[in-house]
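Here is how names work: the chains are called A, B, and so on, in the same order as the sequence lines, proteins then strands, and each is numbered from 1. Only a predicted model underlies this, so the values are computations on that prediction, with no experimental measurement involved.
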Protein chains: 2
Amino acid sequence: MSSAKKKQPAAARPSPTMADLAKLAGVSKITVSRALADSPLVSPDTRERIQALARKQGYKLNVSARNLRLRRSHTVAVIVEMQPSSSRTMWDPYPLSLLGGISQELTSAGYSVLLTTRQGAADAAVQAADGVILLGQGEREDAVRLYDKMGLPMVVWGARGDRDNHIVVGSDNRQGGISVAERFLSIGRRHPVFIGNSEHPEMAQRLHGFVDELAGQGIKPLLLQRVDWTLDSGADAVRSLAARKVRFDAIFACSDLLAMGAIRALVELGLSVPNDVSVVGYDDTPLGASFLPPLSSVRQNWQEGGVLLARKVLALIQGQAVSSQMLPTSLIVRAT
Amino acid sequence: MSSAKKKQPAAARPSPTMADLAKLAGVSKITVSRALADSPLVSPDTRERIQALARKQGYKLNVSARNLRLRRSHTVAVIVEMQPSSSRTMWDPYPLSLLGGISQELTSAGYSVLLTTRQGAADAAVQAADGVILLGQGEREDAVRLYDKMGLPMVVWGARGDRDNHIVVGSDNRQGGISVAERFLSIGRRHPVFIGNSEHPEMAQRLHGFVDELAGQGIKPLLLQRVDWTLDSGADAVRSLAARKVRFDAIFACSDLLAMGAIRALVELGLSVPNDVSVVGYDDTPLGASFLPPLSSVRQNWQEGGVLLARKVLALIQGQAVSSQMLPTSLIVRAT
DNA sequence: CGATATCAAGTTATCGATATCATTTCTTCA
DNA sequence: TGAAGAAATGATATCGATAACTTGATATCG
């Protein structure tokens, strides 16, 4: 092997390897490895010398090589489920807040975040991860199972189904519903309405909490099914109430948009908020807060949820026992 | 769950390697490799046989090993710049739309997305990527340079600075400003106001387009500096105008929130929108669209922007020549 | 003073996949 | 019939980092 390498003089220097550093420093590869890992097995002397050399030479660790040797990737896959055609999910601010928390926690633990939005596509890449975080609408059990059988440590965001055998982190939707019911009762409302989609697991739990709490006072709320969570949908809901000449004095809407739409319709109908009708939304979005009148809403702390998701996967990866957890919500009372 | 791990029986079967498959099939490793890669170098016979075997055995490619051998990671790092303390960026819907487009395009090209939100932290991981996409507020030149000198193919989202020597994809902010000016001129407005932050590169370009177009008709708009892009900030801006008894008949606000705030203040002041004052926002958010009155706004197609970002990095990675590109915007005229 | 720790560093093997260069078998045509 | 060529498969080396074991030198102790 004479000059098989080095086709040209200084042709492209693609960053040195540990072997290169070793040659330069007159030591063996393993010593370089140890020095860069701050191992106590090398003298402080050489450690410092080699680290300086590495800096000067612009050494970059080859992650693939390390991952191969250590049989782990130091990577967590985050899968954002999306409805195929509608990009609705992507517009919601909350997955992004979750992502923020996740990313923050994982990177500070030395892990990287592998983002996947498409269902089956990146399978190979996902399998290379040490763990999985699944962010979805909580609607697709099949998706959960699909990733489940990859056998990786996995944590799911959403509502906790009773028979689920995987770890779930989510907002305590039931408690959210309860707190709204308590509020309505405390201000003497007797004819509450619920606007939302009871097919949706998270919303269903809000509904259950709401209904159960009210049942304690012998009150049974009216349920208005709404599939869309838009402003218009909320307005329509209220108009339909008026058309049916239903008596109501409080509205619990499952999203701030629904709530704002409801308020708009109420105003159109000449009703006063909150004098005639109390309205509470969900998510405590910045927009709801600066709506006129400022919207009361149930707040979930997504950033924190993301952090928690990340911590749980990391714990799972380290083989620790982990349990599902619901994050508390808080009712922010504003003008409505 | 009794034996959580099953250490005993078949001593953990962590998915077979190519060598395992080779032994089972009675061929050599390389033949397995070729068969799984659909190489024409193996007979259709054995190819089919080996692929079936792989499926049955649940074979999973070891990405690290392949990356090591091929000296590439098939990964693109997406860096979302965030202001340290404020999580404002993360609340904006637009980076997520970009992410959606990016993710979609990259995964369908067989690449994975490595998400990073923190500045220097994940350096090692980022360096392992084949390319970088930088999503920022466009405010931090230093950050760009930092990643620039990693020497990776890089594409930046934002406004194109003239002296920039890196590839930029962004919305054509200048054209956005021009289209608003044209609109105002066409409906006979003579005293326009601009609300936004001229320190911000993207907004500055909107301003320039706006100003230049108006200058053609000898009109010079009033500039209202606003650092925050909130609803309140927009309202304050209009109130300050009124306090100074300035004459104005049109407002170009650099975000929908600013615009909505402005409209609210106008209504408070007893002014009619759009009779007394025309208002145009920016971003065409769903909220602006269902605002009362529905907001006119400049729309940018972020999904597409993400796709374009992804395509450009991929092209760079493949060594092709690539140029910066601005995406057209469109003025959506609604009630205001 | 000989035996055993202690310390710093080196050797070798390995993670799993693939490029390069053989090797074997079978065609095909002069 | 034999040589050249194609087709299918294999042997080996390699990517870069690190674990497990070894070596040599110095220090410590009964």
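The side chain of B/Ser33 places no N or O atom within less than 4.0 Å of a non-bridging phosphate oxygen (OP1 or OP2) of C/dA17. At D/dC15, none of the side-chain N or O atoms of A/Ser64 fall inside 4.0 Å of OP1 or OP2 (strictly under the cut-off). Residue A/Ser28 has a polar side-chain atom (N or O) positioned under 4.0 Å from OP1 or OP2 of C/dG10. For A/Arg72 and C/dC15, the shortest distance from a side-chain N or O to OP1 or OP2 is not below 4.0 Å. The side chain of A/Tyr59 contributes no N or O atom lying less than 4.0 Å from OP1 or OP2 of D/dG16.
A donor and an acceptor atom never sit less than 3.5 Å apart when one is taken from the side chain of A/Arg71 and the other from the base of C/dG16. Checked by distance alone, A/Arg69 brings no side-chain donor or acceptor within 3.5 Å of a matching partner on the base of C/dG16.
The CG atom of B/Leu36 sits 6.5 Å away from atom CG of B/Leu21, with the distance rounded to the nearest 0.5 Å.
For A/Ile30, taking side-chain heavy atoms from C-beta onward, the closest of the listed nucleotides C/dG16, D/dG10, D/dT18 is D/dT18. The nucleotide whose nearest atom lies closest to any side-chain atom of B/Arg34 is, among C/dA17, D/dT9, D/dC21, D/dT9.
Contacts of B/Val32 with the nucleic acid, taken as non-hydrogen atoms under 4.0 Å apart, are absent.
Rounded to whole Å, the distance from CE on A/Met18 to P on C/dG10 is 14 Å. Rounded to whole Å, atom P of C/dC7 lies 16 Å from atom CG of A/Asp45. We find that CG of B/Asp20 is positioned 10 Å from C1' of C/dG16, with the value rounded to whole Å. Atom-to-atom, CZ of B/Arg66 to C1' of D/dT14 comes out at 17 Å; the value is rounded to the nearest Å.
As the counterpart of D/dC29, C/dG2 is assigned, both hydrogen-bonding distances of the Watson-Crick or G-U wobble pattern falling under 3.5 Å.
Nearest-nucleotide mapping onto DNA chain C: of B/Lys60 and A/Thr46, the residue sitting toward the 5' end is A/Thr46. When the nearest nucleotides of DNA chain D are assigned to B/Val42 and B/Leu70 by heavy-atom distance, the more 5′-ward of the two goes with B/Val42. Along DNA chain D, the nucleotide nearest to B/Ser43 and the one nearest to A/Leu68 differ in position, and the one closer to the 5' end is contacted by B/Ser43.
Although no hydrogens or angles enter the test, the distance criterion places no donor-acceptor pair under 3.5 Å between the side chain of B/Ser103 and the main chain of B/Gly100.
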